[in-house]
Enquirer: 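What follows is a single structure, and I will ask about it in a moment.
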Amino acid sequence: MRAIGIILAGGNNHRMKELSQKRAIAAMPVAGSYRSIDFALSNMTNSRIGRVAVFTQYNARSLNEHLSSSKWWDFGRKQGGLSVFTPMITSENNAWYRGTADSIYQNLDFLKESHEPYVVIASGDCIYKMDYNKVLEYHIAKKADITVVCKDMPAGVNVDRYGVLKMNEESRIEEFEEKPIVANSNTISCGIYVIRRRQLIELIEKCAEEGQYDFVKDILIRYKNQKRIFGYKIHDYWKNIASVEDYFEANMDFLKPDIRNYFFREYPDIYSKVDDLPPAKYNVGAKIKNSLISSGSIINGTVEDSVIFKGVFVGNNCTIKNSIILNDVYIGDNTYIENCIVESHDTVRANSYHKGEGGIKIVIEKNDRYVM
Amino acid sequence: MIKKEMIAMLLAGGQGSRLGVLTAKVAKPAVAFGGKYRIIDFPLSNCINSGVDTVGVLTQYQPLRLNTHIGIGIPWDLDRNIGGVSVLPPYEKSSDTEWYTGTANAIYQNIEYMDSFNPDYVLILSGDHIYKMDYEVMLDYHKSKGAEVTLAAMPVPYEEAKRFGILITDEDRKISEFEEKPENPRSNLASMGIYIFNWKTLKEALIANAAQPALDFGKHVIPYCHSKGSPCYAYEYNGYWKDVGTLHSYWEANMELIDIVPEFNLYEEYWKIYTKSDTLPPQYISADSVVERCIIGEGAQIYGKVYNSVIGCGVIIGAGTVVRDSIIMNETEIGAGCEIYKGILAENVKVGDHVKLGVGEEAENETDPHIYNHGLVTVGEKSVIPSNVSVGKNSVVSGITEAADYPEGYLASGKTMIKAGDKA
């Protein structure tokens, strides 16, 4: 393969509210059986990128646990494989990652010691399928310095939390604004970049010399007139998890048959850590309508328009509507849950009532779990 | 020097002919079970859960599926630097090359493999039983009794005892006599086909009996050890143990998993059963479906009504279809408006629309009544059943069938239709 991979998975986002207290966004459970970083990791391995580094710093325990073995993504190799880099104290440095460019700078040896000519940079909080080779071919054909994968959002969608860009006829990026107050385009950056390895080293070293730390602001925006920065437009499904609403929507998207089949049944597969859970079990009284149920779950009640993650127990006479129940939740009998996200490892007492009014409610209930 | 206290030898070479078309293309240990597992997952998981990390798997009959499933043993954490899982097929020798002619003969042909780990004890297992057992506890028992051979044994009802090898013991569980399928059993302790041998004793017995045709543990090796005066003990086991040797017992064992708290509980955190999972996504249950009293594997899509059934990974059940008391294995697709009663559908079967399986009068199977009975309808792997046909009870379909194969759209009860050289 001609490229190495970097997955930026360090971030936290206050718009994820309580959900990000426990974990980095890259470790957010998605679509019943996955974590959001699985999509970038699977895309890397499906693009035959054999040497991948994950940069992480915010509450990485959950992520580290998920990545404890790299074999699930076929990275258990003698040549290359998967590395996870957290900030380190060294003789020259004792800071955390101060930004995306800084995280690359602090791990510049990884880039310098590789021999592949290109680097694919992706973020760990997006849900999509992509063959990075196609972007790389485009990058080479365009003789670009940097290629930015981008997507047109439907008109009317608020894009003020994305990087917004404008391209000329030959797809060169002319304008690039991060989180604009008033956007003058609906083309957004997907946070996926292709760049020549030596070029990246040079730019990152320069950034560091000048005391700048952010890849978007200090490289893409700063150099947009000086370097040949091109946009590669995608039309397939792509979603970024940056807020509770996004997260809820992204999960609910998998209830739609076209999206479900695109990710679950069409080649290539998305891989994840295997949990060795038994098949889901439906007892008498289980009524399921339009829902995703993951392995290891035991359902005794009613579940409608919901996504149930792995190892969930739903008690007798419960009703769960339009909700997301994360991993290993126990829900006692006669409980009603609507428009909620129930945090993983929760124990919801019998006879509870949770309803999100005018929005999504995050349920965090840490009770003792006696039975099961 | 490499040294393992106890290694396991897992006999997985048998065809299991009483499972009919289910084992036409795969060895019995590789037959799917319980929605996502294969039968061999149970002994393999028991091994690693018991701390036995060196397992030789003896294969002979149709080993492809078994080999792919086991691979290098990753799902069971049996990918080890030293030991781990090794698949041991029969091999050519400079003289006297032969197939594995009996259970003990297969072990005899692999003395070198066992010797390379320099074990004190060898655990002999078979690959076709569903149970959870801690072999380490059995080994402790073996040591504490000063036994040279220990046989795991289970009390069975006296009326059933005549189907088993029966052990007659003293109060200390020391075995005094063996009875193979006795008419009037004097004991109800049935041998489960799980043995621990002192390696020295086993090796000596194997070499001494090497010339015996179809060398068998139950018939030759254990009686030989006993007659030589090696102390043989019975280790009583009282948990769930099921020999899924016949279609009916296989069906029954699957159905038992559906109970509210099944006797054989896969949902306990302790003593997990591991398997190779190819499919990861959650299952989708549509708005017009019913799922009641069933277990369903990953990635299945249910648009119809499923009662009292075990559904494998990646199965699709079409809208309006009713599935009752059935086992549907991985990746099988069933069209819309079908009715399936007491069906066993193997992997990768394609069923058209408005197909009825398991309907009509009871009738004995015309070719193999001892295999296809109890009203079950069995469909072999990769079979195709066209739309708008019906199939009766105690019948079997295998191969790519067309509407013309069904006279007046109905394959009567008790019929056997095996196409394209898939003879079981």
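Letters A, B, ... are given to chains in the order of the sequence lines, protein chains preceding strands, and every chain is numbered from 1. Quick note: numbers below take in every heavy atom, side chains included, and nothing from hydrogens, waters or symmetry partners.
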Enquirer: Heavy-atom cut-off 4.5 Å, strictly under: side chain, backbone, both or neither for Lys71(A) against chain B?
Expert: side chain
Enquirer: I'd like to know which of Arg293(B), Gln283(B), Glu292(B) tops the heavy-atom pair count under 4.5 Å against chain A.
Expert: Gln283(B)
Enquirer: Take a 6.0 Å sphere around NZ of Lys273(A) and say whether it holds more than 12 heavy atoms from other residues, nucleotides or ligands.
Expert: yes
Enquirer: Count the heavy-atom pairs under 4.5 Å between each of Ser291(A), Pro257(A), Gly32(A) and chain B, then report the option with the highest count.
Expert: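 Looking at each option in turn, the highest pair count goes to Ser291(A).
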Enquirer: Looking at Phe254(A), Phe264(A), Phe263(A), which one has more heavy-atom pairs under 4.5 Å with chain B than the rest?
Expert: Phe264(A)
Enquirer: Looking at Lys289(A), Lys287(A), Arg260(A), which has the largest count of heavy-atom pairs under 4.5 Å with chain B?
Expert: Arg260(A)
Enquirer: Rounded to the nearest 0.5 Å, what's the gap from CG on Asn290(A) to OH on Tyr284(B)? Could you check?
Expert: 3.5 Å
Enquirer: Need one label for Glu268(B): side chain, backbone, both or neither, based on atoms under 4.5 Å from any heavy atom in chain A.
Expert: neither
Enquirer: Asp259(B) versus chain A, heavy atoms under 4.5 Å apart: side chain, backbone, both or neither?
Expert: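 Contact with chain A: backbone only.
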Enquirer: Counting heavy-atom pairs closer than 4.5 Å to chain B, which one of Asn283(A), Val307(A), Ile308(A), Ile270(A) comes out on top?
Expert: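 The candidate making the most pairs under 4.5 Å is Asn283(A).
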Enquirer: Heavy-atom distances under 4.5 Å only: say whether Asp275(A) touches chain B with side chain, backbone, both or neither.
Expert: backbone
Enquirer: Highest number of heavy-atom pairs under 4.5 Å with chain A: which of Gly312(B), Ser286(B), Gly299(B), Pro75(B)?
Expert: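 Going by pairs under 4.5 Å, I would pick Ser286(B).
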Enquirer: So Trp72(A) and Ile74(B), side chain to side chain contact (heavy atoms under 4.5 Å, CB included) or not? Walk me through it.
Expert: CA-CA 10 Å; Trp72(A) 312 120; Ile74(B) 287 177; 4.2 Å; yes
Enquirer: Report the distance from atom CD1 of Ile296(B) to atom OH of Tyr282(A), rounding to the nearest 0.5 Å.
Expert: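 Answer for the CD1-OH pair, Ile296(B) versus Tyr282(A), is 4.5 Å.
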Enquirer: In terms of heavy-atom proximity below 4.5 Å to chain A, should Ile311(B) be classed as side chain, backbone, both, or neither?
Expert: neither
Enquirer: Heavy-atom cut-off 4.5 Å, strictly under: side chain, backbone, both or neither for Lys272(B) against chain A?
Expert: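 The side chain, not the backbone.
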Enquirer: Using modelled atom types only, decide if a donor and an acceptor are shared between the side chain of Lys36(B) and the backbone of Asp276(A) within a distance under 3.5 Å.
Expert: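 Answer holds: no.
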Enquirer: CZ of Arg349(A): more than 12 outside heavy atoms within 6.0 angstrom?
Expert: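 For Arg349(A), atom CZ is not crowded (no more than 12 foreign heavy atoms under 6.0 Å).
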Enquirer: Using non-hydrogen atoms and a 4.5 Å limit, figure out which bit of Asp38(A) sits close to chain B: side chain, backbone, both or neither.
Expert: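 When you check distances to chain B, no heavy atom of Asp38(A) falls under 4.5 Å.
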Enquirer: Output the distance between atom NZ (Lys310(A)) and atom CG (Leu280(B)), rounded to the nearest 0.5 Å.
Expert: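 Between atom NZ of Lys310(A) and atom CG of Leu280(B) there are 7.5 Å.
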Enquirer: In terms of heavy-atom pairs under 4.5 Å, which option from Tyr274(B), Tyr37(B), Tyr303(B), Tyr267(B) contacts chain A the most?
Expert: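 Most heavy-atom pairs under 4.5 Å with chain A: Tyr267(B).
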Enquirer: Which bit of Ala286(A) comes within less than 4.5 Å of chain B, counting heavy atoms only: side chain, backbone, both or neither?
Expert: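 Both backbone and side chain.
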Enquirer: Need one label for Ser289(B): side chain, backbone, both or neither, based on atoms under 4.5 Å from any heavy atom in chain A.
Expert: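 Both parts, backbone and side chain.
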Enquirer: Under a 4.5 Å heavy-atom cut-off, does chain B meet the side chain of Tyr34(A), its backbone, both or neither?
Expert: side chain
Enquirer: For the residue pair Glu298(B) and Ile293(A), establish whether any side-chain heavy-atom pair is separated by less than 4.5 Å.
Expert: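 Counting from C-beta outward, Glu298(B) and Ile293(A) never come under 4.5 Å.
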Enquirer: Where do Pro281(B) and Ser33(A) come nearest, in terms of heavy atoms and distance?
Expert: C-OG, 3.7 Å
Enquirer: Is it the backbone or the side chain of Asp79(B) that comes under 4.5 Å from a heavy atom of chain A, or both, or neither?
Expert: side chain
Enquirer: Who among Ile260(B), Ile295(B), Ile285(B) has the most heavy-atom pairs with chain A under 4.5 Å?
Expert: Ile285(B)
Enquirer: So what's closer than 4.5 Å to chain B heavy atoms on Ser297(A): side chain, backbone, both or neither?
Expert: backbone
Enquirer: What is the distance from atom CG of Leu277(A) to atom OG of Ser277(B), rounded to the nearest 0.5 Å?
Expert: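 Reported to 0.5 Å precision, the distance equals 9.0 Å.
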Enquirer: Is Ile302(B) in contact with chain A via its backbone, its side chain, both, or neither, using a 4.5 Å heavy-atom distance?
Expert: neither
Enquirer: For Glu266(A), look at atom CD and say whether over 12 heavy atoms of other residues, nucleotides or ligands are found less than 6.0 Å away.
Expert: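 Above 12, so yes.
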